[in-house]
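Heads up, the thing below is written out as structure tokens.
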Amino acid sequence: MGRVSRRQFLKASGFAGAATALVTGTAAAQTVSPNLEGTSENGQNPATNRMAMLMDNSLCVNCHSCRLACQNENKLPVTEKYIRFDYIETGRFPNVKRLLNRHSCMHCEEAPCIGVCPVNALEKGAEGFTHTDFETCIGCGVCLHVCPFEVPVISEEAGTGKPKMYKCNGCRHLIAAGIAPACATNCITGAVQYGTWDEMRAKAEERVAKLRATSPGANVYGIDEQGGLGLLLVLRTPPADYPHLV
Amino acid sequence: MAMDRRTFFRSTAGAAVAVAAMTTIDMRAWAQVVEEAPVELKGSLCNVCSSHCGMYIHVKNGRPWKVTGHPDHSRSRGKLCPRAHGGLYWIYDPARAKTPLKRVGEQEFEQISWEQATDEIAERLKRVLDQHGPQAVFYGHNPRRSGVVYGNRFMHALGVNTIQTHNAACNTARVLGLAHTFGSSYNADWANSDYLLFIGRNMGEGIRTSTALAFGEAIARGATVVCVDPRLNESAAIAEWVPIRPGTDMALLLAIANVLVTEDLYDKEFINTHTIGFHRFERVLPQYTPEWAEELTTIPADRIRSIARGLAAAAPAAAVDTGWKGAFGAAYANSTDTARAVAYVNALLGNLNKRGGIRISRGASLASLPFQAPETPTGPRGDGVGTDYPLATGHGLPHLSMEKAQKGLVKAGIIRHHNPLRTIPDYDHMLAGYRSLDLLVVIETHMTETALEADYILPEPSFAEREEVIEATGPSICMRTKAIEKVHPETKSFDEIITLLANKMGVGRYFDFTLDELNEALLSGQPFSLADLREAGSIEVSVDQPEGVPELNTPSGKFEFYSQRFADEGFNGVAEWYPPETGLQLRENEFRVVHGKQAYHSHCATANIPMLAQVTKDYDTNRVWLNAERAANLGISDGDYVRFTAPDGRSGEARVKVTERIHPDMAFAPGAYGNRTPYFELSEKLGGFNPHDITAYRSEPIVGHTMMSELIVEVKRV
């Protein structure tokens, strides 16, 4: 479980376990309580009801609809956004490529931010996403220093002026109600999807197999990184090309 | 009280003070009540662009807080583009028109009552009609059902038939070109196609979410999508990009046709059975070799051959997309014939109403209205349609109207939800026209550029606060519903405004019904009621689609390679190559300016929306693109300011993005920026170059469109 304390994990999974049953729509007996101690066959998937968002960058048209839907859904101030993009342009006219990658919380299975938070404002949901308790957060920025992907943003909260940490919460309130995160619901080309981690991994691998015909460097990012990521990425070129990937 | 922009905003500051005074209550208890309030989903329609996508407005405590796509609406299919999300801001925007306003000086208005406004408008409109006749009056709008049903009926009752839309600065060349070949517009069956050729089409930035979804499906399935565009746009970024010299798309299409015919790769059965004039086309075709096209387009001849062969191999599950405004909607002198050439290639592929090809679809239909209707006037229009421009469409020529206004031939206009002063090329020309009028009435939600030139501004409620006439969109029957109460009590919806004006003008007998009665009549014969539709927002009905090749809506009933109508009017019977009016030769410091969309902005209407403007700001996207090598030759670096000077001496300044993603001949200006209304304060701060400020007023000879990309400028670093 990385740096997630057992207490934190139990607390979180108790909350989200029932909700996940709604999400998957499968028999309650299979999903209502996460498999806390066991591992799946490949040893990398400790919670059987682990969920994931899949960002297929090869289908993204850079419209920012996900960002806008997320901002409204999470009532963010205009200047804060949980979803940002990195862009890479390569080649010379007329042989040019423009690649992009979604830069937002990767929801690491082994999330270093959780253990270092001095006020325990971060915790794992049973679905595997890293949630912030915004009220508890003091915006100290320690999480930013340990985040492998440079995701957290520290900003003053509108109205109170208190520093707070802003990052994707996986639309916790929606998934608790059995609804996909706003980015997935709103994606206009089907680039962002939401489902069980295994399903999303399978989809990503299937897509990459197809992409390799035209993009030999295509790969799935997030199967092993940080113990596996809750945000899986389909990339057309190796991860080293993207500024925030490790 | 006369008000300019400052006093206008000050008058709304009172509301903020009142809210601040409330902070003495128990915030925690209040917050809990607010948080626990139920959320209502109101099925309605978006209004941030013309697509009117179906959506749910989520309302909590009487305030909308988010929108989601309506699954039963054929344009949204459960998804919404960024503009819909950002558009919520419009409801509470301080730049809203809130009460009837009368002009008392340049950009100065006084608040007046509806009674006074409608009395005075009626009196002045009657005077124009009496003195100058009905062709001196026009009505301009973005044509959707309320505007058509109420606006056209009112105009017809007054004997006015000059009814105009935005199309002359949108897709009118494309519409005419398709109408005179296939007999109507059509769409590619994107989701099922194996080979799609996009000419300037960009699903990622000119968005309807249903088509973006279909495009995503095609890409995910592994279909070949070739994006021909001088710019590596957001669709091309995930597909195959073929850069082309701007203004030469027709040369590419003719060369593709040449390969299909020369290599015997076309559908002879379709050509023999369903077309006329093919032999005349065959006679002009030999000159249009790929090598000939390479010279013009800069696309290698072998690439042109591979596109033609790829299309043929996939046919009939292959299509040349028709685009929208894109490359040939209203861009160049050769745009109408470019649209015909698009149709020629599809005809050669024999893909009509075939899976993965192109489809002429039927939509849901609504009942006709049982109310007494005025006769449609038959006299000449005031904007040259049918006379100066015999082939021009009923969408009209608003730019030509403003020439006639300057000559004293056009005297009054009513414009609704449409901002032609900012969105039609040549601001100075349009402005001079509006200022020559005896009467301009603008019916608007916002204090737009055009509204500020009006003698009277009549304020409408925003999209979330009003109901409208039911629409049939593809297989969906849908309507705008009232999600929340009016924010500004003095606003009135278009149906109310027109009914008021009609009564004052003595033609109230044509409006002897309520909006509800009208909507109920439209639904006559449907298995659901107005109340059902109001609850649902969108209902999908089943519509039989034509299979095979129907009789086409052309004079011959067949596909027309040769158009007698074109020939009769002195145009090419068969589409043949000719260059843009401004030519293709550029001097060392010259660029052709082309503008286009970004996903997160609509026309010039949204740069004032904070969430959308923030995207622009975060990624610095209101810069004009210049090709890296050419910029370097001119000593221009990324982020520099440059001056664009048009041949007539007018000029504008812009920051540049220096990039490899653009053809050396073209400067690309994102089209959303450069508002000139001081009420759009954020947009003003954001800045940006708008090419319409320096594009000369012109009309294309065939359909009369505005030739928006016939602008070549000299570029110099400042």
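Chain A is the first sequence line, chain B the second, and so forth, proteins listed ahead of strands; every chain is numbered from 1. Computed from a prediction, not measured in an experiment: that's the story for all the values here.
Contact count versus chain B (heavy atoms, under 4.5 Å) is highest, among A:A191, A:C187, A:G91, A:S215, for A:C187. By number of non-hydrogen pairs under 4.5 angstrom with chain A, the leading residue of B:A239, B:A220, B:P664 is B:A220. Taking chain A as the reference chain and counting heavy-atom pairs below 4.5 Å, the highest number among B:E629, B:R221, B:K617 is found for B:R221. Per-residue counts of heavy-atom pairs under 4.5 Å with chain B were compared for A:T189, A:D56, A:N95, A:L68; the largest is that of A:L68. Chosen from B:G216, B:A212, B:G69, the residue pairing most often with chain A at heavy-atom distances under 4.5 Å is B:A212. Contact count against chain B (heavy-atom pairs under 4.5 Å) is highest for A:P94 among A:P77, A:P94, A:A182, A:C66. Counting heavy-atom pairs closer than 4.5 Å to chain B, the top-ranked of the candidates A:N57, A:T79, A:L100, A:V96 is A:V96.
A:E73 has its side chain within reach of B:W65: a pair of non-hydrogen atoms, C-beta onward, lies under 4.5 Å apart. Annotation: side chain of A:N186 is not in contact with side chain of B:T209 (no heavy-atom distance under 4.5 Å).
With sequence neighbours excluded, no residue forms a side-chain hydrogen bond (donor to acceptor under 3.5 Å, both in side chains) with B:H73. Annotation: side chain to side chain contact (heavy atoms under 4.5 Å, CB included) contacts of B:A607 (sequence neighbours excluded): B:H601, B:Y673, B:N675, B:S683, B:L686.
Both the backbone and the side chain of B:Q614 come within contact range of chain A, each with at least one heavy atom under 4.5 Å from a heavy atom of that chain. Using a 4.5 Å cut-off between heavy atoms, B:I662 touches chain A through its backbone atoms (N, CA, C, O) alone. If you measure heavy-atom distances from B:D618 to chain A, the contacts under 4.5 Å come from the side chain alone. Within the 4.5 angstrom heavy-atom criterion, no atom of B:H58 approaches chain A. With a threshold of 4.5 angstrom between heavy atoms, B:P243 approaches chain A through side-chain atoms but not through N, CA, C or O. For B:W241, the part lying under 4.5 angstrom from a heavy atom of chain A is the side chain only. Using a 4.5 Å cut-off between heavy atoms, B:N233 does not touch chain A at all.
Rounded to the nearest 0.5 angstrom, B:I238 CD1 and A:R98 CZ are separated by 9.5 Å. Atoms CZ and CD1, from B:F215 and A:I188 in turn, are 9.5 Å apart once rounded to the nearest 0.5 Å. For the atom pair CD (A:Q71) and CE (B:M611), the distance works out to 4.0 Å, reported to the nearest 0.5 Å. The CZ atom of A:R67 sits 12.5 Å away from atom NE2 of B:H85, with the distance rounded to the nearest 0.5 Å.
For residues 74-83 of chain B, a heavy-atom distance under 4.5 Å to chain A picks out B:G78, B:K79, B:L80, B:C81, B:P82, given by residue number. Within residues 230-244 of chain A, the residues that have a heavy atom under 4.5 Å from a heavy atom of chain B are A:R236, listed by number.
Taking all atoms of both residues into account, the shortest heavy-atom contact from A:V61 to B:E234 is O-CB, 3.3 Å. Considering all non-hydrogen atoms of both residues, B:I219 and A:R207 come closest at O-NH1, 3.7 Å. The minimum heavy-atom distance between A:C63 and B:Y600, with the atom names listed, is O-CD2, 4.0 Å.
Other residues, nucleotides and ligands place no more than 12 heavy atoms under 6.0 Å from the NZ atom of A:K97. B:R63 CZ: 12 or fewer foreign heavy atoms inside a 6.0 Å radius. With a 6.0 Å radius and a threshold of 12 heavy atoms from other residues, nucleotides or ligands, A:K203 has its NZ atom at or below the threshold. The environment of A:E135 atom CD is sparse: at most 12 non-hydrogen atoms of other residues, nucleotides or ligands sit within 6.0 angstrom.
Proximity of the aromatic rings of A:Y87 and B:Y619 is defined here by a centroid distance below 6.0 angstrom, and this criterion is met.
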